[in-house]
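Note that ligands are numbered from 1 as they come in the structure, with each ligand's atoms numbered from 1 the same way.
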Amino acid sequence: MAFSKSSVLLCGCIWDGATGVRSTNDEVRKFPDGFLFGTATASYQIEGAWKDGKSENIWDHMTHTQPDVIEDLSNGDVADDSYHLYKRDVEMMRELGIDFYRFSLSWTRILSSSFSDRVNEAGIAYYNDLIDELLRYNIEPMVTLYHWDLPQRLQDLGGWTNPLIVDWEVCYQGYGDTTKAPILNFKGIAEYLCAKNLLLAHAKAFRIYDEEYRGTSGGKIGIALSGSWYEPETDSPDDVEAAADSFEFEVGKYAHPIFSASGDFPAVMREKIAAKSAEQGFPRSRLPQFTQEEINYVRGTSDFFGLNHYSSVIVYRNESVKGIHPVPSFYDDVDLASYQREEWATAASSWLKVVPWGFYKLLGKIRDSYNNPQIFITENGFSTYGGLDDDDRVAYYRQYLSAMLDAIEEGADVRVYTAWSLMDNFEWMAGYTERFGLYEVDYESPERTRTPRKSAFVYKEIIRSRELDFSYEPNTSVMTIDEGH
Ligand SMILES: *[C@@H]1O[C@H](CO)[C@@H](O)[C@H](O)[C@H]1NC(C)=O
Ligand SMILES: *[C@@H]1O[C@H](CO)[C@@H](O)[C@H](O)[C@H]1NC(C)=O
């Protein structure tokens, strides 16, 4: 397939089904000056040491009381044992030559009763040691304040009362469905309450930082939102509207209150949910309202648009959509159906199809919808079933980085790219069956031995050269730490 660059830019849909090599893949492409590369992990997925002074979080609780909800009946009790092996983790980051490391704080490790009365000194020491080790080698810490491991004690009080929550995706999957802890499955109600509280909690964390710590720390604070690309099946008005609605319900739900000029939930969400709620006999909308004061409080509370992106779906809306979703539910409110194309290459995770042009389109949509914000890609990556020769992962990273460069050339202000993940880890409901690591982790060995995959060598070269060269073939026999790291 050979498409000229301009035809790709004018019509990304030409790529449909052609996610393989593009003509432009022959040229070596440069990343912009000052562009930063990193990798990411999350506390429950890697730390292990689930007891050492730590209280129980919703993942400890769920995996211990209902082990069969996890595909391989596993849990994060030991995971990658990064609690003890963090020096090796930082050594791997030096091998890769990354600029920053995104990791999350486990509040049950820091607060030994899950409340703020008792601090677990061992937990504080762990994060201090990790941060010191990063700074020793000029690796900038990017701290996620919440990555799904809510203290169980707070969950017992209804969850989402913690004011330091700065990540998302908890709401639908954990509150409106059973695909993440705490598997409440309170469809069409709980996820909206969660969304509102999450936004208020995020805004509060932002404002505390902004007012009390920004001057002394010189850091940045923002929110990471998960977003797929929603492609209309056809160019019929119904499908086009369905795709636009999908974006507003999935991404706009959090992005509009923070990044739009007017704030609040997107108008289409407010209108559709209010209308459905009235039809269903609810005296008021299931979507909670913000007061004007709350709208102002939440609006503008992010220094950058953090985006976790992996894949795309096709959406459509016609008569056949009626009645396929539970009532009430989030998906009944959005009112459409979605699927992924058979011909799209797939990762080990069934939902993760390779659609780089979707990434390109999503970045353009964010640029146009929210006045061209600074974008940090906070997660992007590919799962396999394991093995060091991960050519599929290499291809995914190259194609997605190339699509990102297309979006940057069109004016999207992307500053930061974070590969998910540094190493294999506990992949939530999939346990250890799906592997996202640049480094393979041997879960049979007590040392949890970490070995670089081919993708680690390729990512290292991208970071070293600040270039994307599809023809580069690494020598994978020895991993070294380069000068300056
Ligand atoms: C709705 O669209 C889907 C997907 O294209 C199609 O399979 C189905 O036949 C359509 N149904 C109606 C009633 O138009
Ligand atoms: C790869 O590197 C090793 C160690 O430096 C070297 O012995 C080997 O010849 C290299 N292989 C290739 C194909 O260049």
Classify the ring geometry between Phe426 and Trp59 as parallel (under 30°), tilted (30 to 60°) or perpendicular (over 60°). perpendicular
Are Phe247 and Tyr230 an aromatic pair, judged by ring center distance below 6.0 Å? no
* Asked: Would you call Glu191 and Lys253 a salt bridge, taking side-chain N to carboxylate O under 4.0 Å as the test?
  -> no
N/O of Tyr316 under 3.5 Å from N/O of ligand 1, yes or no? no
Nearest heavy-atom contact between Phe259 and Leu225 is CE1-CD1, 4.4 Å
Less than 4.0 Å between a side-chain N and a carboxylate O, is that true for Asp413 and Arg415? yes
| message | Could you tell me if Arg94 sits above the aromatic ring of Tyr137, with its cationic atom closer than 6.0 Å to the ring centre and no more than 45 degrees from the axis? | response | yes
Taking only non-hydrogen atoms of Glu233 and a 4.0 Å limit, the atoms of ligand 1 in range are 4 (C), 5 (O)
Let me check something: any side-chain donor-acceptor pairs from residues 263-276 under 3.5 Å, sequence neighbours excluded? List them with distances.
from	atom 1	to	atom 2	distance (Å)
Arg270	NE	Phe265	O	2.9
Lys276	NZ	Asp332	O	3.1
Lys276	NZ	Asp332	OD2	3.4

The answer, listing residues by chain and number that come under 4.0 Å of ligand 2 through any heavy atom, is Asn475, Ser477, Val478
